[in-house]
Q: 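Take this structure, written in structure tokens, and hold onto it; I'll ask about it next.
Numbering of ligands and ligand atoms starts at 1, following listing order.
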Amino acid sequence: MTEKRIDTVRLQNLAMGFWQSASLMAAVEIGLFTAISKGAGNAAEIAKALNITERNADRLATVCRTMDLIDTAESGRYRNAADVERFLVEGEPGYAGPWILFTKPRWDKFGNLTEFLRQSEEAVLGQYEGLTVAAARKMHEATYSIGMGAARRFVRQVDLSNRNRVLDLGGGSGAYSITAAKAHPHIEAIVFDLPPVAVVAREYIAEHGVEKQVTAVGGDFTADTLPDGCDVAIMASNLPLYSREIIGKVIRRAYNVLKPGGEMHLIGETLRDDRSGPLGPALWGLAEAINGSTGLAHTDADCIGYFKAAGFESVTVHEFIPGTLSRIVGTKPEI
Ligand SMILES: C[S@@+](CC[C@H](N)C(=O)[O-])C[C@H]1O[C@@H](n2cnc3c(N)ncnc32)[C@H](O)[C@@H]1O
């Protein structure tokens, strides 16, 4: 029996992982995939479309080819991989470029991760302390570009036909509320988010013409009074931003304002219970060291625990976006 030879290849590839991120982000920023979609099929044509040298076009396209972001058709001409064509071609309805660039502002800070790991100060709101409307607008350009697709999936998966009032905690652009309101004209929804974000949510609500159904309220869900009279609460994509204690508290606060018989959906990046993966939730948790918050990665079992401790019944975990997001749901008992 031959023993598996131990070498450094895996470790080297991990150490150079940030070069891959940089290549993808640069390709999005410079418009490589848009150019290829419009017909640029070789380095010379890409160079012309992007106004860069042919050598740099060749370098970038070669890396993207090895990362399977583009491939070569039988003709030998470059074409985008299916996901790239759908999500990274600017001007198309599925364009999610802002989301791919969402983490880029943390680039330099991740370079100093060791220093952040040595810090011990924590602020409850972490990266959101002192948030401005302009920063919230930029942030939610990115969350909106990915959130509308997730919201459509939520509305397909969850039967809201007998529900009347949705509380969208940390609702951001309002993607979930807007989509629910459009799918169910009888539904009212409240986006509850930090005051600067509520300003931005109102812009998206107006853009979609759902002002009669969807409102935005500014507040901190860890501390401020939450709107009552809702029969659905949604909290999507802010799980790793807070400690176990705080998430448990927010779920309890939501439980307290929900109507009896109401349901809560927590959509978040969760770890498997043995904490062996996926990588995404672990990285979002690690990023909170940089943001100086209390946040970390939570497991499915942690979330079930928060729901049960709050008083929710029939608590179940559903795969929401495979490998990325789970949806934990529980029902507040009828009196
Ligand atoms: C990643 S975004 C998700 C937005 C939206 N739920 C979605 O899935 O598209 C997280 C949101 O949670 C909000 N948030 C975080 N902490 C909050 C708090 N303490 N009170 C209210 N909103 C909060 C942020 O302002 C941000 O809009």
Side-chain angles (χ1 to χ4, degrees), residues 96 98-99 101-103 105-106 122-155 157-158 166-181 189-205 208 214 216-227 232-243 245-254 257 264-270 280-281 283-285 287-288 291-295 320-321 324-328:
W99 182 248
L101 301 174
F102 182 67
T103 55
R106 297 174 214 205
E122 292 176 341
V124 171
L125 293 185
Q127 63 181 313
Y128 297 117
E129 296 278 345
L131 186 72
T132 62
V133 172
R137 196 172 282 126
K138 176 100 190 107
M139 169 181 285
H140 290 295
E141 185 195 345
T143 69
Y144 176 81
S145 77
I146 195 88
M148 286 304 273
R152 280 193 291 273
R153 181 176 292 225
F154 177 78
V155 167
Q157 278 186 8
V158 177
V166 175
L167 173 59
D168 188 359
L169 290 168
S173 67
Y176 283 73
S177 294
I178 292 167
T179 308
I190 304 162
V191 178
F192 188 91
D193 206 305
L194 299 168
V197 183
V199 173
V200 175
R202 283 181 205 118
E203 295 169 359
Y204 283 99
I205 292 165
H208 283 269
V214 187
V217 174
D220 171 355
F221 59 50
T222 68
D224 294 332
T225 305
L226 301 180
V232 179
I234 302 170
M235 179 156 148
S237 293
N238 37 43
L239 185 60
L241 303 177
Y242 293 102
S243 66
E245 294 71 27
I246 295 177
I247 293 290
K249 172 171 132 184
V250 175
I251 291 174
R252 211 163 47 243
R253 300 184 92 231
V257 296
M264 174 155 190
H265 300 265
L266 174 70
I267 293 166
E269 304 80 356
T270 53
L283 288 174
W284 284 114
E288 291 307 312
N291 293 336
S293 79
T294 63
F320 185 58
I321 298 188
T324 306
L325 290 171
S326 301
R327 178 171 61 84
I328 298 96

Q: Which of these, Asp193, Val191, Ile190, sits in a side chain to side chain contact (heavy atoms under 4.5 Å, CB included) with Asp168?
A: Val191
Q: Side chain to side chain contact (heavy atoms under 4.5 Å, CB included) for Met235 and Phe221? Distances and angles first, verdict last.
A: CA-CA 10 Å; Met235 179 156 148; Phe221 59 50; 4.3 Å; yes
Q: Just let me know how Ile234 lines up against ligand 1, side chain, backbone, both or neither, with a heavy-atom cut-off below 4.0 Å.
A: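 No part of Ile234 is near ligand 1 at this cut-off.
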Q: Any atoms of ligand 1 less than 4.0 Å from a non-hydrogen atom of Gly219? List them with their elements.
A: 20 (N), 21 (C)
Q: Classify the contact between Leu194 and ligand 1 as side chain, backbone, both or neither, using a heavy-atom distance cut-off of under 4.0 Å.
A: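 For Leu194, backbone and side-chain atoms both sit under 4.0 Å from ligand 1.
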Q: Determine whether any heavy atom of His140 lies closer than 4.0 Å to an atom of ligand 1.
A: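 His140 counts as a contact of ligand 1 under the 4.0 Å cut-off.
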Q: Rounded to the nearest 0.5 Å, how far apart are CG of Asp224 and CZ of Phe192?
A: 5.5 Å
Q: Report the C-alpha separation of Thr143 and Trp99 in whole Å, then their side-chain angles, then the decisive distance to 0.1 Å, and conclude whether the side chain to side chain contact (heavy atoms under 4.5 Å, CB included) test is met.
A: CA-CA 6 Å; Thr143 69; Trp99 182 248; 4.1 Å; yes
Q: What's the spacing between Phe102 CZ and His140 NE2 if we round to 0.5 Å?
A: 7.5 Å
Q: Could you establish whether Tyr242 and ligand 1 come within less than 4.0 Å of each other, counting only heavy atoms on the residue side?
A: yes
Q: Are any of the N/O atoms in Tyr128 less than 3.5 Å from those in ligand 1?
A: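 Between Tyr128 and ligand 1, no N or O pair is found under 3.5 Å apart.
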Q: I need the atoms of ligand 1 closer than 4.0 Å to a non-hydrogen atom of Ser237, numbered in the order shown.
A: 1 (C), 2 (S), 3 (C), 8 (O), 10 (C)
Q: Below 3.5 Å, N or O to N or O, backbone or side chain included: is there any such pair between Ala175 and ligand 1?
A: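 No; every N/O pair is 3.5 Å or more apart.
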Q: Distance check, rounded to the nearest 0.5 Å: Tyr144 atom OH versus Ile178 atom CD1?
A: 6.5 Å
Q: Taking only non-hydrogen atoms of Ser173, do any sit less than 4.0 angstrom from ligand 1?
A: no
Q: Of the listed options (Gly147, Gly174, Pro195), which comes nearest to atom 9 (O) of ligand 1 when hydrogens are ignored and any heavy atom counts?
A: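 Closest candidate by heavy-atom distance is Gly147.
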Q: Between Asp220 and ligand 1, which residue portion shows a heavy-atom distance shorter than 4.0 Å: side chain, backbone, both, or neither?
A: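 Both parts.
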Q: For atom 26 (C) of ligand 1, which candidate among Asp193, Val124, Leu226 provides the closest heavy atom?
A: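 The option holding the nearest heavy atom is Asp193.
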Q: Who's the nearest protein heavy-atom neighbour of atom 11 (C) of ligand 1, and how far?
A: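 I find the closest protein heavy atom is Gly170 O, 3.4 Å.
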Q: Donor-acceptor pair, distance only, cut-off 3.5 Å: does the side chain of Arg327 make one with the backbone of Ala236?
A: no
Q: Is it true that Ala150 lies under 4.0 Å from ligand 1, counting heavy atoms only?
A: no
Q: With a 3.5 Å distance limit and no angle check, can you tell me whether Gln157 reaches the backbone of Arg153 through a side-chain donor-acceptor pair?
A: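 The answer is no, because no donor-acceptor pair under 3.5 Å joins these two groups.
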Q: Looking at ligand 1, does any of its N/O atoms fall within less than 3.5 Å of an N/O of Phe221?
A: yes
Q: Donor-acceptor pair, Arg137 side chain versus Val199 backbone, under 3.5 Å?
A: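 Such a contact is absent between Arg137 side chain and Val199 backbone.
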